[in-house]
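For reference, positions follow the sequence shown, starting with 1. Every number for a ligand or one of its atoms is a count from 1 in the order of the listing. Owing to the predicted nature of the structure, the values given are computational and were not obtained by experimental measurement.
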Amino acid sequence: MPPILRGLMTKDISITVNGTARRAQVEPRLLLVHYLREAAGLTGTHIGCETSLCGACTVLLNGHAVKSCTVLAVQADGGRVMTVEGLARDGQLHAIQEGFWEEHGLQCGYCTPGMILCAHDLLDRIAQPSEQQIRENISGNLCRCTGYQHIVNAVKSASHKLARKPAQRKAARAAGGR
Ligand code: FES
Ligand code: FES
């Protein structure tokens, strides 16, 4: 068991991560982001500030974008989490990942997993968002490389792609827990 999970008082939790049910014994204080990176080994979810400011740690919890540094792992017990590792299917990038790739929506890539999951939440709710809606949606996610216009273009591109791939939209929504 990784050291971060050891402790006198632990709780058994079960979380379905990217479609796979995982059980673990964790301390009640363990943050979801640390559970994902250290217990589940999914390091695609990044840690920036740990104070809910940057959005680098954004994942979907039961279909809704959350900053996983503000959620305890025990609060996700019984829930469904999707991280960036859960998006591609059968070696094919998800439409949102394609959008970021094609529209140069990343530079260093540190904010990218959080931006992509945040976009996923938006496109689940609004199939064809306006530029203003996209900007408002990512307003809680910081890009230190300041590539915001390319990120907005990437989300727009993804919305057009998903309109042409309704099956992928449906599968992603189901996997995300909506
Ligand atoms: Fe969670 Fe910055 S690491 S918001
Ligand atoms: Fe570098 Fe956003 S691409 S922080």
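Short contacts between ligand 1 and C54, defined as distances under 4.0 Å to a heavy atom of the residue, involve ligand atoms 2 (Fe), 3 (S), 4 (S). Proximity to C145 (heavy-atom distance under 4.0 Å) selects the following atoms of ligand 2: 1 (Fe), 3 (S), 4 (S). Ligand-side atoms of ligand 1 in range of E50: 2 (Fe), 3 (S), range being under 4.0 angstrom from any heavy atom. With ligand atoms numbered from 1 in the order given, ligand 1 contributes 4 (S) to contacts under 4.0 Å with heavy atoms of S52. Residue C143 has at least one heavy-atom neighbour below 4.0 Å for each of these atoms of ligand 2: 2 (Fe), 3 (S), 4 (S). In the vicinity of L53, heavy-atom distances shorter than 4.0 Å reach the ligand 1 atoms 4 (S).
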Would you sort out whether E102 and K161 count as a salt bridge (charged side-chain N to carboxylate O under 4.0 Å, His left out), showing the intermediate values?
-> CA-CA 12 Å; E102 291 167 9; K161 285 173 180 287; 3.0 Å; yes

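Within the 2.8 Å limit, C57 places no N, O or S atom next to atom 2 (Fe) of ligand 1. In summary, no N, O or S atom of C108 is located under 2.8 Å from atom 2 (Fe) of ligand 2. Residue C69 does not count as close to atom 2 (Fe) of ligand 1, with no N, O or S atom under 2.8 Å.
Here the side chain of N137 pairs a donor or acceptor atom with the backbone of C118 at under 3.5 angstrom. Here the side chain of K67 pairs a donor or acceptor atom with the backbone of G140 at under 3.5 angstrom. Side-chain N or O atoms of Y110 include one that pairs as donor or acceptor with a backbone N or O of I47 at under 3.5 Å. Y148 places a side-chain N or O within 3.5 Å of a backbone atom of C143 that can act as its donor or acceptor partner. Of the possible polar contacts, none joining the T16 side chain to the G19 backbone as a donor-acceptor pair under 3.5 Å is found.
Summarising the geometry of P129 relative to I126, their closest heavy-atom pair is CD-O, 3.4 Å, with the distance given to 0.1 Å. Residues C54 and C49 come closest through the heavy atom pair N-SG, 3.3 Å.
At a heavy-atom distance under 4.0 Å, atoms from both the backbone and the side chain of C49 approach ligand 1. Contacts between T58 and ligand 1 below 4.0 angstrom, taking non-hydrogen atoms only, are absent altogether.
The protein non-hydrogen atom at the shortest distance from atom 4 (S) of ligand 1 is G55 N, 3.1 Å. Nearest protein heavy-atom neighbour of atom 3 (S) of ligand 2: Q107 N, 3.2 Å.
Screening L61, L60, L32 for a side-chain contact (heavy atoms from CB on, under 4.5 Å) involving S68 leaves a single residue, L32.
With atom 2 (Fe) of ligand 2 as the reference point, the heavy atom nearest to it among G114, C111, G147, G48 is part of C111.
Classified by interplanar angle (parallel below 30°, tilted 30° to 60°, perpendicular above 60°), the ring pair H150/H104 is perpendicular.
Using a 4.0 Å cutoff on heavy atoms, G109 counts as a contact of ligand 2.
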